[in-house]
**Q** 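One structure follows; several queries about it will come next.
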Amino acid sequence: MSKALQFYKYQGTGNDFVIIDNRTNNFKNNTKLVKKLCDPKFGIGADGLICLENSMNHDFKMVYFNADGHESSMCGNGGRCIVAFAKHLGIIEKHCTFEAVDGLHKAQIESNGQVQLKMSDVDEINNYDNNIVLDTGSPHFVSFIENVENIDVHKKGADIRYSDPFTKDGINVNFAHVEKDTLKIRTYERGVEDETLSCGTGVTAVAIAAADQKLISTNLINIKTPGGSLSVKFDKSTSGYENVWLIGPAKMVFKGEILC
Ligand SMILES: N[C@@H](CCC[C@H](N)C(=O)O)C(=O)O
């Protein structure tokens, strides 16, 4: 017999998520079910699904699944959305610390609703054929190009994601253009296997890569994605980049019940 599952739908600059309050452990996830819930025809439709779960020592725990149904690494936009959701549930007020797959994250909600999320430190940046590979909680490939509006992100992103060194574990692929300390970014996401409107760990990776390549002269960077605007700020340390913050909107779109 089908069971009714309560869900919430959130979006952060157009990167959209099904969020489930799983503090009671009622939602027993499996790859097929998560994939179906993320499917716009057979389910709700989203780039990923997030469970908010109890944490022993912190405000809550975030468990993230890509739209392909597999549990994955950190999601920056999802992290900002789950913070807004925790506030909606009354678990937190303005500030919180939560557990995620890549460690602890601090966050705060501004009076204008923008959510600031502290991301992992970055201490390894690799060059790859004039491109950059780094991990901001999820693995990212960064390619700086001239004409970011016209590139076929689906085709070129898939070519890189399925190329030799990345086939097995996969990688997210970002195409970026720098203009006067503002970055324009489009991302092909692993696990969605397509372009999404925005990727939080992706824009964080591009901002740090741009600083590392000396393409920008500020450590508070404005970013434009097809889904809206974000900012990233950080400090340069002797070993890399720390105090990395991703800042932007996170909004509830609707809530409902689905039979599964
Ligand atoms: N949408 C994301 C990244 C989600 C994880 C990614 N698809 C992966 O598997 O690495 C974000 O906002 O960071």
Side-chain angles (χ1 to χ4, degrees), residues 9-19 29 31 34-35 37-38 45-51 62-85 98 100-103 105 107 114-120 122 132-142 153-154 157-158 160-162 165-176 183 185-209 221 223-232 234 244-251 253:
K9 178 82 186 283
Y10 272 73
Q11 61 87 10
T13 48
N15 204 188
D16 62 341
F17 310 99
V18 171
I19 306 191
N29 73 76
T31 307
V34 173
K35 188 175 176 187
L37 293 171
C38 291
D47 296 326
L49 180 145
I50 306 169
C51 289
M62 166 180 175
V63 183
Y64 180 74
F65 301 85
N66 277 322
D68 66 4
H70 294 285
E71 191 170 341
S72 193
S73 44
M74 182 57 185
C75 176
N77 286 329
R80 292 184 307 94
C81 287
I82 202 171
V83 168
F85 182 53
F98 68 92
V101 64
D102 61 336
H105 290 266
Q114 296 264 310
V115 181
Q116 302 208 12
L117 175 67
K118 189 164 189 273
M119 307 296 284
S120 302
V122 172
I132 297 171
V133 171
L134 69 165
D135 196 307
T136 51
S138 281
H140 284 275
F141 183 102
V142 179
V153 173
H154 178 74
I160 294 166
R161 183 257 187 262
Y162 289 103
F166 308 118
T167 322
K168 185 170 158 280
D169 296 330
I171 197 156
N172 301 283
V173 183
N174 304 274
F175 300 97
L183 301 177
I185 303 172
R186 292 174 64 195
T187 305
Y188 175 99
E189 265 194 54
R190 169 181 78 169
V192 179
E193 304 310 338
D194 205 348
E195 180 176 11
T196 56
L197 292 180
S198 165
C199 175
T201 50
V203 302
T204 306
V206 177
I208 290 175
I221 300 165
I223 291 150
K224 289 194 165 68
T225 70
S229 300
L230 290 159
S231 317
V232 173
F234 49 75
V244 181
W245 290 83
L246 170 68
I247 304 152
K251 299 207 167 109
V253 185

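When reading the values below, keep in mind they use all heavy atoms of this one structure, side chains included, and skip hydrogens, waters and symmetry mates. Just so you know, ligand 1 is whichever comes first in the structure, and atom 1 is the first atom listed for that ligand. All residue numbers refer to positions in the sequence shown, counting from 1.
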**Q** Under 3.5 Å, side chain of Asp68 to main-chain N/O of His70, donor-acceptor pair present?
**A** yes

**Q** With Phe175, which residues qualify under ring pair (Phe, Tyr, Trp, His ring centres under 6.0 Å), at least two apart?
**A** none

**Q** Salt bridge (charged side-chain N to carboxylate O under 4.0 Å, His left out) with Asp47: which residues, sequence neighbours excluded?
**A** none

**Q** Return yes when atom NZ of Lys9 has more than 12 non-hydrogen atoms of other residues, nucleotides or ligands closer than 6.0 Å, and no otherwise.
**A** yes

**Q** Taking only heavy atoms of the protein into account, state which residues are under 4.0 angstrom from an atom of ligand 1, in chain and number order.
**A** Asn15, Tyr64, Asn66, Ser72, Ser73, Met74, Cys75, Gly76, Asn77, Ser138, Asn172, Glu189, Arg190, Cys199, Gly200, Thr201

**Q** Under a 3.5 Å distance rule, please check whether Arg80 uses its side chain to pair with a backbone N or O of Ile247 as donor and acceptor.
**A** no

**Q** Check side chain to side chain contact (heavy atoms under 4.5 Å, CB included) between Glu71 and all other residues, then give those that pass, not counting sequence neighbours.
**A** Val63, Phe65

